[in-house]
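A note on names: the letters A, B, ... follow the listed sequences, proteins ahead of strands, and every chain is numbered from 1.
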Amino acid sequence: MTDYKQKIAAAVSANVDMCSADVYECIEYPKNPEMGDYSFPCFRLSKTLRKAPALIAKDLCEKLGKVEGFSKIEAAGGFLNFYLDDALVAGEVIKEVLFKKSEYARSNIGGGGTVVLEYSSVNIAKPFHIGHLRSTMIGESLKRIHRFFGYNTFSINYLGDYGTQFGKLIVAINRWGDKAAIEQNPVPELLKLYVRFHEEAEKDDSLNDEARQTFVRLENKDQEVEAQWKFCVDASMIEFSRIYKKLGIDFDSYNGERFFSDYMQPVVDELRTMNLLETSEGAEIVNLDDVGLIPAIVQKRDGSSIYFTRDLASAHYRKKNYNFVKSIYVVGSTQALHFKQLFAVLAKMGRQWADECKHVQFGQISIVGGKLTTRGGNVIFLEDVLEAAREEISRIIEEKNPKLPNRETVEKQVGYGAVIFQELYTSREKDYVFEMEKVTNFQGETGPYVQYTHARCCSLLRKAEAQGLSPSGDFRAELLLDDASVAIVKLLRKFGDAVELALKSYEPHHVARYAVDLAKAFNRFYYENPIITDDRELSGARIALVGAVRTVLAEAMNLVCIDAPSEM
RNA sequence: GCGCCCAUAGCUCAAUUGGAUAGAGUAGCGGACUUCGAAUCCGUUGGUUGGGGGUUCGACUCCCUCUGGGCGCACCA
């Protein structure tokens with residue numbers, strides 16, 4: 001596809017004292033379409049040229065005259081606005097989408113470099129609740145977005161499968177557990193036992209000692225305890241796998257903390273050799289005063305390990321085994337200090353790749369009753385949310401399209417998609433309060449809206465096909481000059497930019513919003529224009545446009561992890 | 001006490017990372033189905049971007065300060 005920015009940069013730089021690359025960087029998209037498709041702000045030039053920006057724009061406009069590919073160039077205040085030749089662009093863009101299909105707008109800026117993404121990271125023996133959805137979906141979407149740009153990806157579910165709480169859990173199983181009940185309903189039963197442990201430990205502190213000893217046995221790979229640990233992991237994973245399947249996600253690795261506990265020692269040894277370790281209040285720490293952080297604990301007073309050390313080990317393991325160009329941690333903002341410390345220690349160890357590590361943080365999720373507390377029982381299970389949305393979709397399908405083929409599949413695609421989409425529709429960092437009504441309301445800016453639009457495109461394409469008409473690059477673009485068509489074409493051109501913005505800011509919501517914008521533009525076009533008409537040429541042009549919209553919508557939906565059913 | 005994050009229309013959120021008249025959805029009101037899917041579309045009401053200073057051609061965006069909320073401050077993860 002023609003790079004029109006390049007054309008502008010070349011033309012402008014020939015007339016002012018700026019190199020083409022600098023001009024290229026300055027070019028922006030006016031938000032109001034009446035101001036053209038590209039804009040070059042002249043304010044910066046006013047210092048060197050000692051002229052008013054508006055005057056510079058005016059002079060430049062005259063000097064440029066006509067530039068190929070643009071129908072009009074206009075000076076407006078200090079801006080020089082460029083208007084694309086709509087018919088030319090429509091022909092070019094639609095042909096490109098139809099030809100490249102799901103490859104459209106992709107590029108290879110990643111060059112095959114590996115990006116490691118850690119996300120979801122659920123805790124064994126604890127429920128998968130609504131609070132885990134953000135990490136899970138942001139991580140998965142970022143994975144797909146990186147692939148879009150030619151990165152290789154490696155996704156890790158860094159399971160919370162280690163630590164003193166497993167000592168507590170195993171003690172509770174031994175004392176009060178009912179094996180059959182646990183096998184029947186693993187996570188809720190284990191959670192009950194965990195809660196009970198804390199209640200009983202209030203009265204009897206010796207339970208805590210017993211738990212600590214049990215964890216030490218686990219660290220020492222005591223076979224009996226290890227078997228119980230494994231039982232908890234396996235039972236929990238059955239439940240988690242079911243949920244990941246509903247979300248359409250799988251991971252390249254489920255190596256959790258337990259796995260990396262075997263890799264800690266060499267790192268600790270190296271810290272010691274490098275004289276980076278200090279003893280403070282009985283613990284082994286890395287002092288981080290020089291970077292304005294509190295010390296990082298590497299070894300506890302009692303000599304046992306801590307999660308910081310395991311994270312340190314896992315970072316090394318990942319660099320060594322996957323040789324990443326980027327390592328992304330999708331973890332809540334409550335861990336911000338932890339990751340600052342982690343990256344700071346890596347830097348102190350002379351790891352240049354420390355700045356290839358990135359903490360992608362997000363705000364806290366709470367529910368109406370306040371904070372999410374698994375132990376306190378103030379929790380909403382993710383699966384309940386997914387199913388509630390699916391049931392609501394089922395009700396709507398019953399009402400609108402009861403004869404829908406593959407109905408059960410579609411209910412899942414749309415219901416689960418609604419939950420996923422609303423999570424990825426807003427920026428990461430704000431806290432938010434989860435409400436069930438939000439995910440069972442499907443009007444307006446929602447996943448089902450985008451899916452509905454896609455299904456509508458598919459329906460049109462089926463109807464056209466029945467008349468021997470299918471999207472083809474052989475159409476007359478000058479028939480697509482009505483406002484709605486032009487607006488769609490402009491959006492189709494910007495797809496790559498939207499995804500790239502998401503990549504650079506680690507914000508999938510840019511893609512989700514793009515999908516809604518495109519759907520909105522299409523629905524307006526649909527309302528204003530009969531697509532399949534007696535006029536064969538006109539129909540051909542419009543069907544080409546519909547085909548292009550369908551393709552890009554489907555790809556955008558894929559990037560934000562929702563399915564694109566062809567009927568709903 | 002120190003540090004990080006957040007504050008935009010009644011509500012939920014955007015704003016091309018410093019650009020032009022701050023935009024959507026939702027709620028309210030008024031319209032559009034004998035025609036390709038009304039889970040749709042069109043119109044309309046709604047703003048001192050928490051307050052105050054500063055930086056500059058230009059600030060929701062950057063700096064300072066105050067207010068209000070969230071989180072974190074070594075042996076839990």
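- For A:Tyr527 and B:rC41, the shortest distance from a side-chain N or O to OP1 or OP2 is not below 4.0 Å.
- The heavy-atom pair separating A:Val414 from A:Pro565 by the smallest distance is CG2-CG, 4.3 Å.
- Contacts of A:Ala455 with the nucleic acid, taken as non-hydrogen atoms under 4.0 Å apart, include base atoms.
- Between A:Ser333 and B:rC5, a side-chain N or O to OP1/OP2 separation shorter than 4.0 Å is absent.
- Counting any heavy atom pair closer than 4.0 Å across all strands shown, A:Ser39 reaches a base atom.
- At the phosphate of B:rA24, neither OP1 nor OP2 sits under 4.0 Å from any side-chain N or O atom of A:His509.
- Across all strands, A:Thr533 comes closer than 4.0 Å to no nucleic acid atom at all (heavy-atom distances).
- Phosphate contact (OP1/OP2 of B:rG19, side-chain N/O of A:Lys31, threshold under 4.0 Å): absent.
- For the pair A:Glu34 CD and B:rG23 C1', the interatomic distance rounds to 15 Å; values are reported in whole Å.
- Side chain of A:Ser46 to main chain of A:Phe43: a donor-acceptor pair is present (N/O by atom type, distance under 3.5 Å, no hydrogens or angles).
- If you check B:rA20, B:rG37, B:rU40 against the side chain of A:Ser459, the one that comes closest is B:rG37.
- Ring centroid separation for the pair A:Tyr162 and A:Phe260 does not come in under the 6.0 Å cut-off.
- In this structure, CZ of A:Phe434 is placed 21 Å from P of B:rC11, rounded to the nearest angstrom.
- The base of B:rA14 does not come close enough to the side chain of A:Thr426 for any donor and acceptor atom to sit less than 3.5 Å apart.
- For the pair A:Glu445 CD and B:rA14 P, the computed distance is 10 Å after rounding to whole Å.
- Contacts of A:Arg524 with the nucleic acid, taken as non-hydrogen atoms under 4.0 Å apart, involve only primed sugar atoms and P, OP1 or OP2.
- Taking 4.0 angstrom as the limit, A:Lys168 places none of its side-chain polar atoms (N or O) nearer than this to OP1 or OP2 of B:rC76.
- Note on A:His510: every side-chain N or O is 4.0 Å or more away from OP1 and OP2 of B:rA14.
- Look at A:Arg456 and you'll find a side-chain N or O under 4.0 angstrom from OP1 or OP2 of B:rA38.
- The cationic atom of A:Arg456 (NZ for Lys, CZ for Arg) lies less than 6.0 Å from the six-membered ring centre of A:Tyr526 and within 45° of the ring axis.
- B:rU55: glycosidic angle beyond 90° from 0, hence anti.
- In this structure, A:Lys47 reaches the sugar-phosphate backbone alone: every heavy-atom distance under 4.0 Å involves primed, P, OP1 or OP2 atoms, never a base.
- Between A:Tyr29 and A:Tyr38, the ring planes lie tilted relative to each other; the angle falls in the 30° to 60° range.
- Shown here, B:rC33 is classed syn by the O4'-C1'-N9-C4 or O4'-C1'-N1-C2 angle, which is within 90° of 0.
- Of all nucleotides listed (B:rC36, B:rC41, B:rC13), B:rC41 comes nearest to the side chain of A:Lys520.
- Using a 5.5 Å limit on the distance between ring centres and a 30° limit on the angle between planes, the aromatic ring of A:Phe43 counts as stacked on the six-membered base ring of B:rC57.
- Using bins of under 30°, 30° to 60° and over 60° for the plane-to-plane angle, the ring pair A:His198/A:Tyr194 lands in the perpendicular bin.
- The aromatic rings of A:Phe343 and A:Tyr329 lie tilted to each other, with the angle between the two planes from 30° to 60°.
- Taking the six-membered ring for Trp and the full ring otherwise, A:Tyr514 and A:Phe495 have centroids separated by under 6.0 Å.
- Put simply, A:Phe79 rests on the base of B:rA20: the two rings are less than 5.5 Å apart at their centres and nearly parallel, under 30°.
- A:Pro530 comes within contact range of at least one nucleobase, with a heavy-atom separation under 4.0 Å.
- Taking atom CG of residue A:Asp431 and atom P of nucleotide B:rG70, one finds them 9 Å apart after rounding to whole Å.
- Of the candidate nucleotides B:rC57, B:rG37, B:rU26, B:rU26 has the atom lying nearest to any side-chain atom of A:Gln443.
- Spacing between atom CG of A:Asp161 and atom C1' of B:rC76 amounts to 15 Å, rounded to whole angstrom units.
- The residue A:Thr446 sits apart from the nucleic acid: no heavy atom pair falls under 4.0 Å.
- Using a 4.0 Å heavy-atom cutoff across all strands shown, A:Lys400 reaches at least one base atom of the nucleic acid.
- When heavy atoms are screened at a 4.0 angstrom cut-off, A:Ile531 is found touching base atoms of the nucleic acid.
- The phosphate of B:rC41 (OP1 or OP2) has a side-chain N or O of A:Tyr449 nearer than 4.0 angstrom.
- Contact between the side-chain N/O atoms of A:Lys371 and the OP1/OP2 oxygens of B:rC71 is found at a separation under 4.0 Å.
- A:Glu284 comes within contact range of no nucleotide atom at all, as no heavy-atom separation falls under 4.0 Å.
- A:Leu293 has its CG atom 11 Å from the C1' atom of B:rC73, to the nearest Å.
- With hydrogens and angles ignored, a donor-acceptor pair under 3.5 angstrom links the side chain of A:Asn81 to the base of B:rA20.
- Rounded to an integer number of Å, the gap from A:Tyr425 OH to B:rU26 P is 10 Å.
- Regarding A:Ile488, its CD1 atom lies at a distance of 13 Å from the C1' atom of B:rC41, rounded to whole Å.
- Note on A:Glu528: nothing from the nucleic acid sits closer than 4.0 angstrom, heavy atoms only.
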